[in-house]
J.: 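Take this structure first; my questions come after.
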Protein chains: 2
Amino acid sequence: MATTGTDPARMREMNQLTIVWALRGNPPSTVTELAGRTGLSRPAVDVLVQQLVAEGWAEVEEPGASSTVGRPARRYRFRAGAGHVLGIDVGVHKILVMLSDLEGNLVQSLRRPADPEAGPDDRLATVDRCVDEVLREAGMTAADIWAVTVGVTGPVDASGRTSLFTPLPGWNAVDPVAHLTERFGCPVQVENDCKLAAVAERWKGVAQDADDIVYVLAGIRTGAGLIIDGTLRRGHGGAAGEIGALKAVRWLDAPGHLAGCPGVPAAAAQGEAAAWVFRAAREGDRAARTAVRRYARDLAVGVAALTLTLDPQVVVYGGGFSRSADVVLPMLRQELTKHCLRLPELRASTLGDESVALGALRLALDEIDDRLLGGRLAAPAAPRV
Amino acid sequence: MATTGTDPARMREMNQLTIVWALRGNPPSTVTELAGRTGLSRPAVDVLVQQLVAEGWAEVEEPGASSTVGRPARRYRFRAGAGHVLGIDVGVHKILVMLSDLEGNLVQSLRRPADPEAGPDDRLATVDRCVDEVLREAGMTAADIWAVTVGVTGPVDASGRTSLFTPLPGWNAVDPVAHLTERFGCPVQVENDCKLAAVAERWKGVAQDADDIVYVLAGIRTGAGLIIDGTLRRGHGGAAGEIGALKAVRWLDAPGHLAGCPGVPAAAAQGEAAAWVFRAAREGDRAARTAVRRYARDLAVGVAALTLTLDPQVVVYGGGFSRSADVVLPMLRQELTKHCLRLPELRASTLGDESVALGALRLALDEIDDRLLGGRLAAPAAPRV
């Protein structure tokens, strides 16, 4: 990497970054390989890589005894454990916290139920307790965390607030970025749950091969997240994907067909009712199949609006109802043919309800990559070896 | 620009390109300025720029007599007239051909009426005659054209065909790229009219400051073109923006309220009827205002679907009806507030019905820029001096 400044410390940092990028995503590499990859001289690489090892960014892989010719070279690899990130799903019914290293390997995960009626302070207190527990189990402190992303329901503005609307009681009055920034010295961002789930599907889910993706979060509520040209689309005010707010596309009505299905146990909560209907439909129950068909018919109008607008390669059916994709997708596909000019591929999510927290991890990792690309080592402090 | 190959002719071409990029979009520059901008040596720049002048890519601006100190340096500028492009709007009712130089300066323009019922061969023959006339008036031949873009109605696939649907009679059976490539040695592309109009609004229209734009082509038919993050979105199969095909968003019904307005002269054609209604509404006619309000109410559902999906910064109201934006936009804005979470700016197009041809010019120019960026001088043959 060429440097324009003359400050030697800055130049050293830039050259270290060059080595970090050359190590990441590659098998353990020798100094010679790194020199070839970076254009830096062998002696310079040798010094830089020793510094990176000393500072905890890289680690040495001692050569095995297998080589018989000469002395085999040491190899170096990026130390994924140099830093960690948190992805937090703040749902209506649950809090899910995930902690991963810099390569996205899951280190710790914790799920706790949340009271749907809980106010914002109670909900934030539950988040804090979950985070405490995850850090404790991982043997870490807040200082070990380099980036935090939080997923919530409702359109999120640039400041991380959910001022337009959210089903989390009282949540539009809180500032979760400020709350978490008090504990963490690192960047904290808040993002809409459907958007994060879409990111997760492209990272580790069923849409890894696609650049134009419509993600539909199907559950008691229905939402959408959009990836266009490989990039998450937030919209000018953070409200992209909120097609469900338009009455004409019938997403507000769709899940009601499930709850209103004849035969649903009277005591069942909304989510249980839907699960009962999907199960009964799978077993051939006539009333249940009619209810699912009506659900699919209404769902299809909104999916068609997204499809006709964006002409995506893939529509991912995710969220709580995606466990019943075997029942829903054939009907949804049939309904979509009535509306669409060109049918995208329909795929069922396999990430289940972990998708929001996973997407949050990915966005936190992206934040770190952006800092690295911006030419700054990403640690809030030097990583601990 | 660094070169990896060792072929001297190729290296010369790459270095010439470096100079071309350093000249474009800059005021006339001296050899010293070009050397500073490119990192090439002064003597190298001197040779390269002489070659570019000899080949017609650059021209000399002789120093004026105003300088009193020493001999003032010659300045060089990119020769915008080195090549030209064609933008062609193949409409139902008209053919519009525009010819510009490499900086997008309009050189020649020609509009001819088209028979709405004309078959594809007749329509292509009209296009050919218009192109002949434009080239003749400009004193050029097909060899002077470096790129051609054609706009048509209906979703256009990667091969330039309109196989899903189009209101141009029989047009889904023709291959306009093949037809025009027979005459022109240069790249020919076909694109959807709404998409081109959106590009034109960002290039020379009312959305030059915006990166997230929904363009609505409002006329006897209603269509949309999308620019997201500064880039025209085609969709995976070229069918992005086709929200109007969804019955639930009521664009298919909207213009009918105008045609059906009481008082419209019986003999009026569709477009004339709409113009009559807008005029009457502007003058306070009660029935006409009701008709426009119903039009706006239906139009708003589709605009809201696009807005809730994409959360754009700007919605541009364009197409034939945009001349009556003063009557329509206040009503449209009012209707949108009923549907949208966040209202984008609504702006009326000022490009009128030239927007499709202008957007076609821009896409043709982009094609040339892509070739230049790809490291190839873009001329099908050497430019004529």
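Per chain, numbering begins at 1; letters A, B, ... match sequence-line order.
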J.: Can you say whether A:D229 sits under 4.5 Å from chain B via the side chain, the backbone, both, or neither, judging by heavy atoms?
T.: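 Contact with chain B involves both backbone and side-chain atoms of A:D229.
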J.: How would you list, in number order, the residues of residues 292-307 of chain A that have a heavy atom less than 4.5 Å from chain B?
T.: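 A:V301, A:A304, A:A305, A:L306 fall under the 4.5 Å cut-off.
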J.: What part of B:R234 gets within 4.5 angstrom of chain A, counting heavy atoms only: side chain, backbone, both, or neither?
T.: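 For B:R234, the contact with chain A is made by the backbone alone.
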J.: Does the B:R347 side chain pair with the main chain of B:V316, one donor and one acceptor, at a distance under 3.5 Å?
T.: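 Between the backbone of B:V316 and the side chain of B:R347 there is no qualifying donor-acceptor contact (under 3.5 Å).
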J.: If contact means a heavy atom pair closer than 4.5 Å, which residues of residues 219-227 of chain A contact chain B?
T.: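 The stretch touches chain B at A:L226.
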J.: Apply side chain to side chain donor-acceptor pair (under 3.5 Å) to residues B:E367 and B:T149 and explain how you reach the verdict.
T.: CA-CA 9 Å; B:E367 212 284 330; B:T149 300; over 6 Å; no
J.: Under a 4.5 Å heavy-atom cutoff, which of A:I228, A:D212, A:V214 has the most pairs with chain B?
T.: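 Heavy-atom pair counts peak at A:I228.
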J.: With chain A as the partner, which of B:D311, B:L308, B:L310 has the greatest number of non-hydrogen pairs under 4.5 Å?
T.: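 When all of B:D311, B:L308, B:L310 are compared, B:D311 has the most.
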J.: Taking side chain as everything from C-beta outward and backbone as N, CA, C, O, which of these in A:P344 sits under 4.5 Å from a heavy atom of chain B? Side chain, backbone, both or neither.
T.: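 Neither; nothing under 4.5 Å.
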J.: Side chains of residues 164-171 of chain A: which donor-acceptor partners sit under 3.5 Å, not counting sequence neighbours?
T.:
unit_1 : atom_1 : unit_2 : atom_2 : d
A:T166 : OG1    : A:T153 : O      : 2.8
A:T166 : OG1    : A:L168 : N      : 3.2

J.: Assess the side chains of A:S355 and A:E201: does a donor N or O sit below 3.5 Å from an acceptor N or O?
T.: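 Result is no, nothing qualifies.
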J.: Can you tell if the side chain of A:R342 reaches within under 4.5 Å of the side chain of B:H236, non-hydrogen atoms only?
T.: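 A side-chain contact under 4.5 Å exists here.
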J.: Which of the residues B:G238, B:A248, B:A239, B:A210 is involved in the greatest number of heavy-atom pairs with chain A at under 4.5 angstrom?
T.: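 Of B:G238, B:A248, B:A239, B:A210, B:A239 has the most heavy-atom pairs under 4.5 Å with chain A.
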J.: For chain B, find which of A:R250, A:K338, A:H339, A:E242 contributes the most heavy-atom pairs closer than 4.5 angstrom.
T.: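 The residue among A:R250, A:K338, A:H339, A:E242 with the greatest pair count is A:E242.
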J.: Could you pull out all residues at least two apart from A:K247 that satisfy side-chain hydrogen bond (donor to acceptor under 3.5 Å, both in side chains)?
T.: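 For A:K247, no residue satisfies side-chain hydrogen bond (donor to acceptor under 3.5 Å, both in side chains) once neighbours in sequence are set aside.
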